Amino acid sequence: MRRLVGLNFSRIRKARGLTQEGLSEISGFTQQYISDLERGRRNPTVVTLFHLASALDVEPYELLVESES
């Protein structure tokens with residue numbers, strides 16, 4: 001699940017044209033946290049997923065579902 005969240009997070013971030021640093025500024029999470037999340041090294045809480053999804057302007061479930069592409 002951590003890997004899936006990380007892959008989705010990275011894909012959506014890049015689709016939005018954001019760097020890890022840029023998203024860090026928007027979200028309030030450190031660039032290191034975002035990097036670790038994208039590599040599947042973090043186990044985000046439900047609240048964290050909500051805040052990250054809000055920063056990406058997506059619904060939280062979009063970080064949890066397998067991509068169709």
Side-chain angles (χ1 to χ4, degrees):
M1 183 55 73
R2 287 190 308 245
R3 180 89 172 123
L4 176 62
V5 169
L7 290 171
N8 285 335
F9 190 79
S10 177
R11 177 180 49 78
I12 295 168
R13 175 183 61 77
K14 291 173 183 174
R16 299 277 190 272
L18 293 168
T19 63
Q20 289 180 350
E21 294 84 6
L23 186 57
S24 174
E25 292 176 15
I26 294 168
S27 69
F29 291 91
T30 66
Q31 184 273 330
Q32 185 62 54
Y33 183 89
I34 292 169
S35 176
D36 288 346
L37 180 74
E38 290 184 358
R39 292 189 324 237
R41 295 185 177 184
R42 292 288 182 156
N43 193 21
T45 66
V46 172
V47 173
T48 298
L49 286 174
F50 174 81
H51 289 294
L52 291 169
S54 295
L56 289 171
D57 196 28
V58 298
E59 294 295 323
Y61 79 88
E62 293 180 65
L63 298 174
L64 302 172
V65 297
E66 290 191 40
S67 174
E68 294 179 12
S69 56

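Quick caveat, the model's predicted, so the values are computed rather than measured. Just so it is clear, the values below take in all heavy atoms, side chains as well, and ignore hydrogens, waters and symmetry mates.
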>> Please report the interatomic distance CG(N8) to CG(L37), rounded to the nearest 0.5 Å.
In response: 10.5 Å
>> Quick check for you: to the nearest 0.5 Å, what is the distance between E25 atom CD and T19 atom OG1?
In response: 7.5 Å
> Do side-chain atoms of R2 reach the backbone of N43 as a donor and acceptor pair under 3.5 angstrom?
Replying inline: no
> If every non-hydrogen atom of A55 is compared with every non-hydrogen atom of L23, which pair is closest and at what distance?
Replying inline: CB-CD1, 4.0 Å
> Taking only residues two or more places apart in sequence, or in another chain, which ones meet E59 in a side chain to side chain donor-acceptor pair (under 3.5 Å)?
Replying inline: none
>> Using 0.5 Å steps for rounding, measure from the CZ atom of R3 to the CZ atom of R41.
In response: 10.5 Å
> About how many Å separate CZ of R13 and CD1 of I26, when rounded to the nearest 0.5 Å?
Replying inline: 11.0 Å
> Is the CD atom of E21 crowded by more than 12 outside heavy atoms at less than 6.0 Å?
Replying inline: yes
> Q31 and S24: which non-hydrogen atoms are nearest, and at how many Å?
Replying inline: N-OG, 3.4 Å
> Hey, is the main chain of F50 close enough, under 3.5 Å, to the side chain of S54 for a donor-acceptor pair?
Replying inline: yes
>> Any heavy-atom pair between the side chains of P44 and L63 that's under 4.5 Å?
In response: no
>> Please check: side-chain N/O of R42 versus main-chain N/O of Y33, any donor-acceptor pairing under 3.5 Å?
In response: no
> Do other residues, nucleotides or ligands put more than 12 heavy atoms under 6.0 Å from R39 CZ?
Replying inline: yes
>> Side-chain heavy atoms nearer than 4.5 Å, only ILVMFWY residues, links allowed to pass through others: does that put F29 and L7 together?
In response: no
> Linking I/L/V/M/F/W/Y whenever any side-chain heavy atoms sit under 4.5 Å apart, do F9 and M1 land together?
Replying inline: yes
> Out of curiosity, L64 CG to E66 CD, how far, rounded to the nearest 0.5 Å?
Replying inline: 11.5 Å
